[in-house]
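Heads up, the thing below is written out as structure tokens.
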Amino acid sequence: MIIYVGGLAQGKWELVQEKYRDITGVFDGRIPKPEELPEETGTLVLRHPEKEAGPGHASRQDESGQARVSRQDESGSVPGSPEEEAGLLAERIFRLEKQMTPASKLIIITRETGSGVIPMDPSEERFREITGRLQVLLAKEAEEVYRVCCGIAVRLK
């Protein structure tokens, strides 16, 4: 797994397209199901998988253990702590990576959220916390981690 993290419009996607010419699948704002994986060997890109935990959504598992996305309840709260939500998303990504062919690469592009103003909306603040915690979990397991600013990638790991 290789991670590119950076602010909005900092050139993450452009860098990935330039560096990895064998992209066989791109999933925007979601984590694909195993049956959606391309059969051919290549590079799979998850662009902003953290959006599954965005305002109004939460990663959950149903009775069979399958991950699903659920809505906030009527009161506006989402069950589970940000740590649990980030953990569920990370587990889904780790399972996905294990199901890929050995020669394939998994690239994750994610937005940096911890360097700005704290949002006043509690759901936005929760989303930022889940995103940050997810990034920490993924970075621990990643082979490489890059921070992108002004179209320049700086290797962190």
Side-chain angles (χ1 to χ4, degrees), residues 1-72 78 80 82-114 124 126-157:
M1 178 184 342
I2 301 168
I3 300 172
Y4 287 84
V5 61
L8 178 65
Q10 290 298 309
K12 300 176 296 289
W13 176 232
E14 292 79 4
L15 283 170
V16 167
Q17 287 178 302
E18 191 176 302
K19 185 171 182 177
Y20 305 96
R21 302 282 181 182
D22 65 337
I23 295 174
T24 55
V26 178
F27 293 88
D28 283 310
R30 68 187 186 89
I31 302 165
K33 296 175 182 156
E35 59 269 15
E36 295 179 278
L37 289 176
E39 291 182 20
E40 63 272 15
T41 299
T43 299
L44 180 69
V45 180
L46 302 184
R47 290 179 50 166
H48 308 292
E50 70 275 8
K51 286 185 179 179
E52 286 204 14
H57 294 83
S59 179
R60 285 265 148 244
Q61 291 183 336
D62 61 20
E63 303 76 39
S64 68
Q66 291 296 316
R68 63 180 174 79
V69 174
S70 63
R71 295 296 243 167
Q72 290 176 326
V78 180
E83 294 89 349
E84 292 171 327
E85 297 299 329
L88 289 171
L89 289 170
E91 286 173 22
R92 291 175 56 200
I93 292 170
F94 297 148
R95 279 196 303 263
L96 180 73
E97 184 179 33
K98 287 179 185 172
Q99 294 169 335
M100 294 172 63
T101 62
S104 294
K105 289 184 182 126
L106 177 60
I107 307 295
I108 297 179
I109 298 173
T110 183
R111 187 170 302 144
E112 184 174 327
T113 59
E124 289 287 339
R126 178 184 175 81
F127 171 68
R128 287 172 54 132
E129 182 176 351
I130 292 169
T131 299
R133 292 181 183 279
L134 175 63
Q135 290 168 344
V136 168
L137 293 170
L138 296 177
K140 283 181 183 177
E141 300 298 322
E143 298 161 23
E144 301 172 27
V145 179
Y146 296 90
R147 183 169 190 272
V148 180
C149 184
C150 301
I152 300 169
V154 176
R155 187 170 181 170
L156 303 175
K157 178 181 178 184

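All residue numbers in this chain count up from 1 along the given sequence.
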- [ ] Check step by step if side-chain contact (heavy atoms from CB on, under 4.5 Å) holds for K105 and M100.
- [x] CA-CA 8 Å; K105 289 184 182 126; M100 294 172 63; 5.8 Å; no

Task: Residue pair R126, E85: steps toward the side-chain contact (heavy atoms from CB on, under 4.5 Å) verdict - done: CA-CA 10 Å; R126 178 184 175 81; E85 297 299 329; 3.3 Å; yes

Open item on the list: Let's go through L96 and L46 carefully: what are the C-alpha distance in whole Å and the side-chain angles of both, what is the deciding distance for side-chain contact (heavy atoms from CB on, under 4.5 Å) to 0.1 Å, and is it a yes or a no?
Closed with: CA-CA 11 Å; L96 180 73; L46 302 184; 4.1 Å; yes

Open item on the list: side-chain contact (heavy atoms from CB on, under 4.5 Å) for V16 and I23? Distances and angles first, verdict last.
Closed with: CA-CA 9 Å; V16 167; I23 295 174; 4.2 Å; yes

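Contacts classified as salt bridge (charged side-chain N to carboxylate O under 4.0 Å, His left out) and involving residues 148-157 (residues at least two apart or in different chains) are not found. Contacts classified as ring-ring contact (aromatic ring centres under 6.0 Å, His included) and involving residues 24-46 (residues at least two apart or in different chains) are not found. Residue pairs meeting the side chain to side chain donor-acceptor pair (under 3.5 Å) criterion with at least one partner in residues 2-14, sequence neighbours excluded, are Y4-Y20, W13-Q17.
Atom OG1 of T101 is separated from atom CG of L37 by 9.0 Å, given to the nearest 0.5 angstrom. Atom-to-atom distance recorded for I2:CD1 and I109:CD1 is 11.5 Å, nearest 0.5 angstrom. The structure places CG of L138 at 5.5 Å from CE of M1, a figure rounded to the nearest 0.5 Å. Rounded to the nearest 0.5 angstrom, I93 CD1 and I108 CD1 are separated by 4.5 Å. A distance of 8.5 Å separates CG of L106 from CD1 of I3, quoted to the nearest 0.5 Å. To the nearest 0.5 Å, atom CD1 of residue I130 and atom CG of residue L89 are 7.5 Å apart.
We find that R128 and E124 are not joined by a salt bridge, their nearest charged nitrogen and carboxylate oxygen being 4.0 Å or further apart. With respect to R147 and E112, a salt bridge is recorded, a charged nitrogen being found less than 4.0 Å from a carboxylate O.
E36 pairs by the salt bridge (Lys or Arg N to Asp or Glu O under 4.0 Å) definition with R30, not counting sequence neighbours. Residues satisfying the side chain to side chain donor-acceptor pair (under 3.5 Å) criterion with T24, sequence neighbours excluded, are absent altogether. Every residue two or more places apart in sequence or in another chain was checked for a side chain to side chain donor-acceptor pair (under 3.5 Å) with Q99, and none qualifies.
Checking each of K98, E91, E97 against R95 for a side-chain contact (heavy atoms from CB on, under 4.5 Å) leaves exactly one that passes, namely E91.
Checked by atom type and distance alone, the side chain of E52 pairs as donor or acceptor with a backbone atom of I31 at under 3.5 Å. In this structure, the side chain of Q135 engages the main chain of R111 through a donor-acceptor pair within 3.5 Å.
R21 and E18 get closest at one heavy-atom pair: NE-O, 3.3 Å.
Under the 4.5 Å side-chain criterion, counting only non-hydrogen atoms from C-beta, L44 is in contact with P38.
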